[in-house]
Amino acid sequence: MDSPTNRGGSSTSSGRSSVIESLRGCTLAGVRIPKEELRKKITLPEYMRVAMKEAIQAKNVEANTVTQLYQAAHADGAEMAEPPESPLVVFINAKSGGRHGPELKARLQTLMGEEQVFDLLTVKPQEFVQYGLGCLEKFAALGDSCAKETREKLRVVVAGGDGTVGWVLGCLGELDKQGRLPVPPAGIIPLGTGNDLSRSFGWGGSFPFNWKSAVKRTLDRIANGSICRLDSWHILISMPAGEDLDTPYSLKETEETPLDQELEVEGELPEKVSCYQGVFYNYFSIGMDAQVAYGFHHLRNEKPYLAQGPISNKIIYSGYSCKQGWFFTPCSSDPGLRGLKNILRIYVKKVNSSEWEQIPIPSSVRSVVALNLPSYGSGRNPWGNLKPEYLEKRGFVEAHADDGFLEIFGLKHGWHASMVMAELISAKHIAQASSIRFELRGGEWAEAYMQMDGEPWKQPMNKEFSTFVEIKRVPFQSVLVHGE
């Protein structure tokens, strides 16, 4: 066992958590909420929701149709609209949740104004932030008290997996940068495979069996739930120019951006670099776990009929773990399956320190994870519930989602990861840090695999020049609705 921990039977409870959460959805709790009462509580006035839709479609809050809708609603003799008690809008990834995605979208549209349910295939959250919320803010600036109160009370529902939730939170975070407050808090309907963000904030780890009635209960909880905070982490990738990088939607190419000047780079730098930036909320990882995720995602995109829900997804995941050599790494001569120590350096700012420090990487580690939440890999806690004396000995603090630190740990191979995921042992503790820099140099490796919040990509490696991944906490915190 890697470290002393307080477990108290957590392995058994974690193993049954998804089933228990789904069974809770089979209670009559959702049925007790009258449909019309809920609809009245969360539905925006018609002129307002249609105007938001028109502004988004036109990509212009000054569009003629938007102006006409406002003028008609405020014409002489027009009945003054009342603001809803708990206005909601929904973002849904209809591809998530297997066959339930499109059905859930249709169900949500019957429980509120159809224009309040945005399919991420057609409306991006950044478009909603710029034009949808911009429309409400324009109406409020013109003296529309109903629009002003709706904007102030508005909450967001995200129906999707961790990647979808992170995407929406990142776009809502732009409001903080722009001083457009308040930032609407977000609640979650879990449709993904792992759903670790959902688990961490009380929304459960799986889609309930009787979702048609349970969704009413979920919307009511999002409308009334308490608010909590979540750290988010900015990631900068700086790599030698000339290589194409197929990144997830949460990682965007940007102009050349300098690394932290407080930490000098050893060796020469290339004349030109390509830079990519993004934000994550749960974890960033390098190594074998990302390689397995990459294979799974490609299979799901090529053969979507195989991925019909969380159970089938996890079976496919297990198959890829074996196929990629995760369980038989010690027997392999392929340099791409050896320890990360051969290609990776890690620099961190530790707890109560403002200085960069290089930390050693255990030679056996084949996957390195920087974790923000106490939930990874479908509700497991690989960092463990550490005893106070162990925390003090290692210079760690108790881990929380809003403490300003990432927990860095390593996984050795499939057998070790299986024991960690069963919560029989903790992962290999490496460090706890407020800032991180990973430096990768190819050598015999032509490529490495990375992922953040469940979205993997293949990272080209260069033999002559290093690739850098720098992670720092975003100055403001994301706002979520707690489900319990």
Side-chain angles (χ1 to χ4, degrees), residues 33-92 105-119 123 125 127-158 168 171-172 174-176 178-187 215-227 479 481:
I33 299 173
K35 178 179 176 179
E36 290 306 316
E37 182 179 313
L38 176 66
R39 183 180 174 87
K40 181 180 178 181
K41 182 178 180 180
I42 65 177
T43 302
L44 277 63
E46 184 177 6
Y47 83 93
M48 196 180 298
R49 62 180 192 262
V50 174
M52 290 172 63
K53 178 182 177 181
E54 292 292 330
I56 292 170
Q57 288 181 341
K59 293 182 169 53
N60 183 8
V61 298
E62 305 292 341
N64 288 335
T65 51
V66 175
T67 302
Q68 290 167 6
L69 285 161
Y70 177 83
Q71 291 173 343
H74 295 81
D76 291 340
E79 184 178 349
M80 293 296 294
E82 291 292 327
E85 180 184 341
S86 304
L88 299 179
V89 296
V90 177
F91 290 101
I92 179 167
K105 175 185 171 183
R107 173 65 171 164
L108 288 165
Q109 288 175 329
T110 67
L111 295 173
M112 63 183 75
E114 182 178 335
E115 301 84 359
Q116 291 171 234
V117 181
F118 300 102
D119 190 327
V123 177
E127 295 170 347
F128 167 78
V129 167
Q130 184 172 353
Y131 304 111
L133 291 182
C135 177
L136 288 183
E137 291 163 357
K138 175 194 172 183
F139 286 4
L142 292 172
D144 187 335
S145 59
C146 179
K148 181 176 185 294
E149 187 171 337
T150 299
R151 171 65 179 89
E152 291 172 350
K153 290 182 175 181
L154 190 68
R155 295 188 173 192
V156 171
V157 183
V158 187
V168 174
C171 294
L172 292 174
E174 292 299 311
L175 293 167
D176 217 316
Q178 299 165 12
R180 296 166 59 192
L181 302 177
V183 177
V215 70
K216 291 192 296 182
R217 175 65 176 167
T218 298
L219 293 177
D220 190 65
R221 287 161 63 200
I222 293 173
N224 297 302
S226 60
I227 304 302
V479 188
V481 184

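Note that the coordinates shown come from a computational prediction; the quantities given were computed from them, not determined experimentally.
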Judged by atom type as modelled, is there a donor-acceptor pair below 3.5 Å linking the side chain of [X] to the main-chain atoms of [Y]?
X	Y	answer
Glu127	Lys59	no
Lys53	Glu115	no
Arg49	Leu44	yes
Lys105	Ile92	no
Arg151	Phe139	no
Arg155	Gly225	yes
Gln109	Val117	no
Arg180	Glu174	no

[atom1] ([X]) with more than 12 external heavy atoms under 6.0 Å:
X	atom1	value
Glu152	CD	yes
Glu82	CD	no
Glu46	CD	no
Lys148	NZ	no

Requested in this report: Please lay out, stage by stage, how Phe128 and Met52 fare under the test side-chain contact (heavy atoms from CB on, under 4.5 Å).
Outcome: CA-CA 8 Å; Phe128 167 78; Met52 290 172 63; 3.5 Å; yes
Query - Validation row: Pro45, Pro84 side chains within 4.5 angstrom (heavy atoms) - result: yes
Query - Pairwise side-chain contact, Tyr47 with Cys146, heavy-atom cut-off 4.5 Å (strictly under) - result: yes
So which heavy atom on [X] is nearest to which on [Y], and how close?
X	Y	result
Arg39	Thr110	NH1-O, 3.1 Å
Val183	Asp176	CG2-N, 4.0 Å
Val61	Cys135	CG1-N, 3.6 Å
Thr43	Leu111	OG1-O, 4.1 Å
Leu154	Pro184	O-CB, 3.4 Å
Pro125	Cys171	CG-SG, 3.7 Å

Gap separating the [atom1] atom of [X] from the [atom2] atom of [Y], nearest 0.5 angstrom:
X	Y	atom1	atom2	result
Glu137	Leu175	CD	CG	7.0 Å
Ile56	Gln130	CD1	CD	10.5 Å
Ile222	Ser86	CD1	OG	11.5 Å
Tyr70	Met48	OH	CE	10.0 Å
Leu88	Leu38	CG	CG	8.0 Å
Leu219	Lys41	CG	NZ	10.0 Å

Requested in this report: Begin with the C-alpha distance, continue with both residues' side-chain angles, and end with the deciding distance and a verdict on side-chain contact (heavy atoms from CB on, under 4.5 Å) for Gln116 and Val90.
Outcome: CA-CA 6 Å; Gln116 291 171 234; Val90 177; over 6 Å; no
Query - Verdict with reasoning, Ile227 to Val481, per side-chain contact (heavy atoms from CB on, under 4.5 Å) - result: CA-CA 5 Å; Ile227 304 302; Val481 184; 4.2 Å; yes
Report task. Could you tell me whether Lys40 and Glu36 make a salt bridge, using a distance below 4.0 angstrom between a side-chain N and a carboxylate O? Result -> no
